[in-house]
Amino acid sequence: MAEKDEIFKRTHSCGELDIRELNREVTLMGWVHSRRDHGGLIFIDLRDRDGITQIVLNPEIDKISHEMAQSIRNEFVLAIKGKVSARPKDMINPKLKTGEIEVYADNLRILNESRSLPFPLDEHSGISENLRLKYRYLDLRRPFLQGNLILRHKVVKRVRDLLDKKGFIEIETPFLTKSTPEGARDYLVPSRVNPGKFYAMPQSPQLFKQILMVSGFDRYFQIVKCFRDEDLRADRQPEFTQIDMEMSFIEREDIFLLIEEMMAEIFREIKGINIDTPFPILGYKEAIERFGIDKPDIRYGLELKDITDIAKETEFQVFSKTVEEGGKIKGINVKLGSRFSRKELDDLTGMVIGYGAKGLAWIKITEEGYKSPITKFFSKEMLDSIAEALKGEKGDLLLFVADSPEVVTSSLCQLRIHLGERLELPDKDKYGFVWITDFPLLEYDEAEKRYIAMHHPFTAPVDEDLRLFDEDPARIRAKAYDLVLNGQEIGGGSIRIHLRDIQQKMFNALGIDEKEAILRFGFLLEALEYGAPPHGGIALGLDRLIMILAGAASIRDVIAFPKTQKAACLMTDAPSEVDEKQLKELKLKVERD
RNA sequence: GGGGUCGUAGUUCAAUCGGUUAGAGCACCGGCCUGUCACGUCGGAAGUUGCGGGUUCGAGUCCCGUCGGCCCCGCCA
């Protein structure tokens, strides 16, 4: 029996006791994960972020504690003193790290009580996400989310240590900065001392890190929040974190080496997995041709094959007419797909129609030969060469879309992703890293009737393409690269323009005249005139990387306080209206309809 | 801006073709229980079927609108 005012000082976490601490007097503090009252004997699973320890309350050990324990409910916060005891052999719980021992409480203090929870915290009940987000502090008690955030901490620590070792300096850049109309929509912050003027939250620290290169910091990094006011997705939040890097006097390959080393270390030290380096490199054009997308999941095949030349001579009007009109025919081979039912094929057809295709042609290769509603339009030789082009064998299903190149590419790409998921083609234990390079520098924006930068306006063109600025800007390749992992873009960067006149050429190509360029980016242009070194960099999407490492289906599961699809925080109820007084100070008026 | 999907007890779900008093598990409350660990057992309480309107003798169910969660297209240099 302890004295009432005895001092409780935590000696161990709830996850670290084992048989070696036998008979030790310990003090644990934590939350009641569950209570099992047997009348004479009460068991409490005490939980903290480190684990769960079973506490036994036996009236023969301490009558007062046992009585107190009868009023204890889930998520009460307790301090418990007691002796570490070995569990009887057949009572060992192999599911717990601490399952060989239990603590017989001889003194108990209730540090705080808890109302009964709005939803259970156990792992086996799925709870609607709006509730979880409203009570985020409770959701964050669950081991899955705690584990994800701890994983995130470990990755960030590794990255900091590695970059420090490599001579990188971590430098903070402003969150209140200048709005630049290129790129994503900005989050704006009104300036009270400059009424009518606004700061923008950075979409990335791009210009600042380039300026730091001009200042001679040589190697910069920052683990930094970025803000983009665009619509959300399962892997997109309005504020997200980048591992942002920039280096002087380097080539693209220096960046590849650094990032490959970083990824290899993270996967080795945190997941215990050895990944192959160097990562394969895929040109943008080839990626689009083979996979229909610039962020392919290369862990499985189902590659797109062009059969335009083989199939254009057919009687089948859908094909021949498409080719006449400048379209293309591409197909994919679904290995062992000939067992697909008519209904399944109809569903796939519906899917590609959803992406703009007019239909989906299919050919099954069976024991009895080709089976398809369209075989009658093709000669045996033609069918053989189509099958050969797609490496079709008995049992396979060949799927084709004939349309404009854009529709063929996007619909077959979506079909490939869909079938990949449905047939569980990617090996879940594999990590498919790939560099995508040689992006076009510019793309034509139909809505704005001008070229826009595919990466950003500071990306350097490939040297031998410089002459194309005057001839054919669309064909200029950029010294830009993306890092793709399992079909997700997890990073991107480029070698930057460090020469003022090339930067001006770039602005010209974007339809930004000298005057406007100075207005928007004058500070950078000027900086380039004061001895800017050749430089380049990359930014990795930390949240997406953690998602993949954690096996999380949503970016919200790796962010402590994420926002919903409507960019709201259900816990704090942000965004919200503000006082008229605040608006007045900012000289702002809200228009209501 | 558009498409899809979901919303019923604290929670997870059920409720036939539109038809009696909207049910069940878990949680909650009370009793019993000294080896449980998703404890067991007996009993109890618990509902604005997201919200508003409409159709109907009758709506959780059908229709219209609206709010919210999720997934996707557009958008995201």
Side-chain angles (χ1 to χ4, degrees), chain A residues 33-47 52-61 66 70-71 73-75 85 87-96 98-99 102 104 115-135 138 180-186 203-204 206-207 226-238 240 350-351 353-356 410-411 414 417-418 439-443 445 447 451-459 478 480 482 489 492-494 506 510 539 541 553-554 556 563-566 568 570:
Chain A
H33 193 65
S34 78
R35 183 185 71 114
R36 295 176 293 279
D37 188 345
H38 288 247
L41 206 58
I42 297 174
F43 298 95
I44 286 174
D45 287 345
L46 198 66
R47 185 199 70 237
I52 286 176
T53 300
Q54 175 163 278
I55 311 298
V56 187
L57 292 125
N58 185 331
E60 289 159 26
I61 305 278
H66 179 263
Q70 288 171 350
S71 69
R73 293 295 179 268
N74 281 349
E75 300 305 313
S85 308
R87 293 200 191 188
K89 270 234 160 51
D90 48 338
M91 306 299 163
I92 287 171
N93 185 347
K95 284 186 227 160
L96 296 182
T98 61
E102 56 197 352
Y104 276 81
R115 294 163 59 185
S116 61
L117 301 185
F119 57 89
L121 295 188
D122 56 49
E123 297 290 308
H124 21 262
S125 34
I127 305 296
S128 67
E129 201 160 352
N130 51 351
L131 250 195
R132 289 175 48 201
L133 289 171
K134 181 173 175 194
Y135 297 97
L138 297 178
T180 53
E182 297 286 312
R185 202 174 286 116
D186 285 324
Q203 297 169 28
S204 85
Q206 184 58 37
L207 295 176
C226 302
F227 306 85
R228 295 178 189 176
D229 185 5
E230 298 293 346
D231 285 349
L232 287 78
R233 288 287 187 282
D235 62 353
R236 268 164 38 185
Q237 283 274 306
F240 61 99
M351 201 189 140
I353 286 171
Y355 287 95
S410 64
S411 59
Q414 294 301 329
I417 292 170
H418 172 81
F439 284 87
L441 186 70
L442 305 164
E443 57 187 339
D445 186 312
Y451 284 106
I452 56 171
M454 193 161 186
H455 186 59
H456 59 53
F458 319 105
T459 300
D482 276 358
E489 183 197 326
S494 62
M506 181 67 175
L510 295 172
S554 163
R556 296 180 297 281
K563 290 180 175 60
T564 67
Q565 198 164 46
K566 296 198 84 175
L570 298 183

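In what follows, every chain begins at residue 1, and chains take the letters A, B, ... in the order their sequences are listed. What you are looking at is a predicted structure, and each value in this text was computed from that prediction instead of being measured.
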### Query
Can you check side chain to side chain contact (heavy atoms under 4.5 Å, CB included) on A:Ile452 and A:Glu443, steps first, answer last?
CA-CA 6 Å; A:Ile452 56 171; A:Glu443 57 187 339; 3.9 Å; yes
### Complementary nucleotide for B:G65 - Watson-Crick or wobble, under 3.5 Å
B:C51
### Query
Rounded to the Å, how far apart are A:Asp231 CG and B:G1 C1'?
9 Å
### Query
Can you tell me how far C1' of B:U36 sits from CG of A:Leu46, to the nearest Å?
16 Å
### Summary
The Watson-Crick or G-U wobble partner of B:G58, with both key distances under 3.5 Å, is none
### Query
Roughly how far apart, to the nearest Å, are B:G43 and B:C37 at atom C1'?
25 Å
### Query
Quick one: does A:Gln54's side chain get under 4.5 Å of A:Arg87's, heavy atoms only?
yes
### Task
Before accepting this row, confirm whether a basic side-chain N of the pair A:Arg236/A:Asp231 lies closer than 4.0 Å to the acidic partner's carboxylate O.
no
### Query
Contact class for A:Ile127 (heavy atom, under 4.0 Å): base, sugar-phosphate, or nothing?
sugar-phosphate
## Note on the structure
In Watson-Crick or G-U wobble terms, with both distances under 3.5 Å, the base opposite B:C75 is none
### Task
Go through B:C37, B:C72, B:C76 for me and flag the one nearest to the A:Glu230 side chain.
B:C76
### Message
Looking at every heavy atom in both A:Arg73 and A:Gln70, which two are closest together, and how far apart are they?
### Response
NH1-O, 3.0 Å
### Task
Take atom P in B:C63 and the same atom in B:G18, then report the distance between them in whole Å.
10 Å
### Message
If you define the side chain from C-beta out and look only at heavy atoms, does anything of A:Arg556 sit under 4.5 Å from A:Thr564?
### Response
no
### Message
Please classify the nucleic acid contact of A:Leu232 as base, sugar-phosphate, or nothing, using heavy-atom distances under 4.0 Å.
### Response
nothing
### Min side-chain heavy-atom separation A:Phe43-A:Leu41 under 4.5 Å
yes
### Query
Just how far is it from atom CG of A:Asp229 to atom CG of A:Asp186, taken to the nearest 0.5 Å?
8.5 Å
### Message
Is the shortest side-chain heavy-atom distance between A:Leu441 and A:Met506 below 4.5 Å?
### Response
yes
### Whole-angstrom distance between B:A9 and B:G44, as gauged at atom C1'
15 Å
### Summary
Whole-Å distance, A:Arg185 CZ to B:G74 C1', equals 11 Å
### Message
Using side-chain heavy atoms (C-beta onward) and a distance below 4.5 Å, is A:Gln237 in contact with A:Ser554?
### Response
no
### Query
Over how many whole Å does the gap from A:Met351 atom CE to B:C73 atom P extend?
10 Å
### Task
Indicate, with a heavy-atom threshold strictly under 4.0 Å, whether A:Ser204 touches base, sugar-phosphate, or nothing.
base
### Query
Are any of A:Arg36's side-chain N or O atoms less than 4.0 Å away from OP1 or OP2 of B:C39?
yes
### Task
Round to a whole Å and report the spacing from CD of A:Gln203 to P of B:C75.
16 Å
### Task
Using atom CG of A:Asn93 as one end and atom P of B:C39 as the other, report the distance to the nearest whole Å.
11 Å
### Message
Between B:C6 and B:G10, how many Å separate the two P atoms, rounded to a whole number?
### Response
22 Å
### Query
Which whole-number value in Å describes the distance from A:Leu138 CG to B:U11 P?
13 Å
### Query
What is the distance, rounded to the nearest whole Å, between atom CD of A:Glu443 and atom C1' of B:C75?
12 Å
### Message
Quick check: on RNA chain B, is the nucleotide nearest A:Asp45 upstream (toward 5') of the one nearest A:Pro457, or the reverse? Name the residue that is more 5'.
### Response
A:Asp45
### Whole-Å C1' distance, B:C76 and B:G53
39 Å
### Task
Please confirm whether any donor atom in the side chain of A:Arg228 sits under 3.5 Å from an acceptor in the base of B:C76, or the reverse.
no
### Query
Can we say A:Arg47 and A:Glu75 salt-bridge, meaning some charged N sits less than 4.0 Å from an Asp/Glu carboxylate O?
yes
### Query
When the C1' atoms of B:G68 and B:G52 are considered, how many whole Å apart are they?
15 Å
### Message
Counting only heavy atoms from other residues, nucleotides and ligands, does the tally under 6.0 Å from NZ of A:Lys134 exceed 12?
### Response
no
#### Entry: For B:U36, the Watson-Crick or wobble counterpart (both distances under 3.5 Å)
none
Can you check nucleotides 26-35 of chain B for protein contacts, nitrogen or oxygen pairs under 3.5 Å, and list what you find?
residue, atom, partner, partner atom, Å
B:C29, OP1, A:Arg73, NE, 3.3
B:C29, OP2, A:Arg73, NE, 3.2
B:C33, N3, A:Asp37, O, 3.0
B:C33, N3, A:Gly39, N, 3.4
B:C33, N4, A:Asp37, O, 3.4
B:U34, OP2, A:His38, O, 3.1
B:U34, OP2, A:Gly40, N, 2.7
B:U34, O4, A:Glu60, OE2, 2.3
B:G35, O6, A:Tyr104, OH, 2.1
B:G35, N1, A:Glu102, OE2, 3.0
B:G35, N1, A:Tyr104, OH, 3.3
B:G35, N2, A:Glu102, OE1, 2.6
B:G35, N2, A:Glu102, OE2, 2.9

Is there any protein nitrogen or oxygen under 3.5 Å from a nitrogen or oxygen in nucleotides 67-71 of chain B, and what are the pairs?
residue, atom, partner, partner atom, Å
B:G68, OP2, A:Lys566, NZ, 3.0
B:G69, OP1, A:Thr564, OG1, 2.9
B:C70, OP1, A:Gln565, N, 3.4
B:C70, OP2, A:Gln565, N, 2.9
B:C70, O3', A:Arg556, NH2, 3.1
B:C71, OP1, A:Arg556, NH1, 3.4
B:C71, OP1, A:Arg556, NH2, 3.1
B:C71, N4, A:Gln565, OE1, 3.4

### Summary
Sorted by chain and number, sequence neighbours left out, ring-ring contact (aromatic ring centres under 6.0 Å, His included) with A:His456 holds for A:Phe458
### Task
Give none if B:G43 has no partner; otherwise give the nucleotide forming a Watson-Crick or G-U wobble pair with it, both distances under 3.5 Å.
B:C29
### Task
Using the P atoms only, state how far B:G60 lies from B:G23, rounded to an integer number of Å.
13 Å
### Task
For B:U66 and B:G30, measure between their P atoms and round to the nearest Å.
46 Å
### Query
Whom does B:A15 pair with, Watson-Crick or G-U wobble, provided both distances fall under 3.5 Å?
none
